[in-house]
Number of protein chains: 2
Amino acid sequence: MVPIKPETQECCITGENLALPDVAWAADLAKLTWALAHPARVRIVRLLLNRKSCICGEIVAEMPLAQSTVSQHLKILKDTGLVQGEIDGPRVCYCINKAALAQLKKLIAGLKGN
Amino acid sequence: MVPIKPETQECCITGENLALPDVAWAADLAKLTWALAHPARVRIVRLLLNRKSCICGEIVAEMPLAQSTVSQHLKILKDTGLVQGEIDGPRVCYCINKAALAQLKKLIAGLKGN
DNA sequence: ATTGCTTATCGTCGATATACGATATACGTC
DNA sequence: GACGTATATCGTATATCGACGATAAGCAAT
């Protein structure tokens, strides 16, 4: 089974790039990628990038989905931090959270051999 | 594969940056991100990047999951093209498909305003 | 307060993901 | 051939996703 040091950390004592923090690291990246793991959410993000900001209704209008469905996708994007929404009177104005997007880019770009 | 003109495009007649190709584009990115949208799969990819290649059994040993579950995750990674596996005697040797990873990086890096 | 508009949430449904054990398949060795 | 090892697949259970319509909650204007 495990050739090296069974009971401490199985995970890459040799590599040590892949040590314990890796689990949290993987969870972070998985969470961010999961937010983009649906075509509708990718399109929303892209839409928000092309316009500086976007009223929720505009997003709904662009998508072939029911309003409630779009709202759910927006919630997912908000929960993962990729998108921010601020209330503007009766509407909600969504925009990209550049920091979160940068984080995603950084993690993806960091996917390479040691 | 979206053909050229699907007669009723709600999508961005105004924006036109987000016109039809965007749908396919979004699907591509969503598929790739979806492959990474699970911590176990992120860890597998990372593992394969740190070693040049990896026998399936090694991967199983590193993960707190049953062999069949790991095999399923590997299948997902293989189906999306991120990982390749070649049979080597009684074992299977997995490695990263650098082209697919590069494609993912490119798509993610391309996520920015116009 | 009532109406109208915008967005979020609820309830529900079918489809899919995730996990596991059990079994099947493929290979090398005896 | 029979056996053990390595991996994939099957079958199944549970959880979550993704979609929708219906409804609630918020605000602006009448």
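Since the model is a prediction, treat every value here as computed from it, not as a measurement. In what follows, chains are A, B, ... by sequence order, proteins preceding strands, each numbered from 1.
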Review point. OP1 or OP2 of C/dT18 less than 4.0 angstrom from a side-chain nitrogen or oxygen of B/Arg41, does that happen here?
Key: yes
**Study point:** Among D/dT9, D/dG18, C/dG21, the one nearest B/Ala66 by side-chain distance
**Key:** C/dG21
Practice item. Respond yes when some side-chain nitrogen or oxygen of A/His73 is under 4.0 Å from OP1 or OP2 of D/dC17, and no when none is. Key: no
Check your understanding: A/Arg41 versus A/Ile76: any side-chain heavy-atom pair under 4.5 Å?
Key -> yes
Check your understanding: Distance-only, no hydrogens or angles: does the B/Asp88 side chain make a donor-acceptor pair with backbone N or O of B/Cys93 under 3.5 Å?
Key -> no
Check your understanding: For the pair made of CG in B/Leu77 and C1' in D/dA8, what is the distance, rounded to whole Å?
Key -> 15 Å
Review point. Could you state the CD-C1' distance from A/Gln84 to C/dT7, rounded to the nearest angstrom?
Key: 18 Å
**Study point:** Between D/dC20 (C1') and A/Gln67 (CD): distance, integer Å
**Key:** 11 Å
Review point. Are any of the side-chain nitrogens in B/Glu62 or B/Arg51 under 4.0 Å away from the carboxylate oxygens of its partner?
Key: yes
Review point. CD1 of B/Ile55 versus P of D/dT7: gap in Å, rounded?
Key: 7 Å
**Study point:** Any A/Lys75 side-chain N or O less than 4.0 Å from OP1/OP2 of C/dT7
**Key:** no
Exercise for review: Determine whether more than 12 heavy atoms belonging to other residues, nucleotides or ligands lie under 6.0 Å from atom NZ of B/Lys31.
Suggested key: no
Review point. Looking across every strand, which nucleic acid part, if any, lies under 4.0 Å from A/Leu65 by heavy atom: base, sugar-phosphate, or nothing?
Key: sugar-phosphate
Review point. Would you say A/Ser71's side chain and A/Gln67's backbone share a donor-acceptor pair under 3.5 angstrom?
Key: no
Review point. When you check the phosphate oxygens OP1 and OP2 of D/dG21, does a side-chain N or O of A/Ser68 lie under 4.0 Å from one of them?
Key: no
Exercise for review: Measure from CD1 on B/Ile76 to C1' on D/dT9 and round the result to the nearest Å.
Suggested key: 14 Å
**Study point:** Between C/dT25 (P) and B/Ile87 (CD1): distance, integer Å
**Key:** 15 Å
Check your understanding: Can a donor-acceptor pair under 3.5 Å be found between the side-chain atoms of A/Gln72 and the base atoms of D/dA19?
Key -> yes
Check your understanding: Are OP1 or OP2 of C/dA8 and a side-chain N or O of A/Tyr94 less than 4.0 angstrom apart?
Key -> yes
Check your understanding: If each of B/Ala40 and A/Val60 is mapped to the nucleotide of DNA chain C with the nearest heavy atom, which maps nearer the 5' terminus, i.e. the 5' end?
Key -> A/Val60
Review point. Of all the choices, C/dA17, D/dA19, D/dA28, which nucleotide is nearest to the side chain of A/His38 once you look at every atom?
Key: D/dA19
Point to revise | Whole-Å gap separating C1' (C/dT7) and CD1 (A/Ile44) | key: 14 Å
Exercise for review: Could you state the atom-to-atom distance from CD of B/Glu86 to P of C/dC27 in whole Å?
Suggested key: 14 Å
Practice item. Determine: side-chain N/O of B/Thr69 to OP1/OP2 of C/dA19, distance under 4.0 Å, yes or no. Key: no
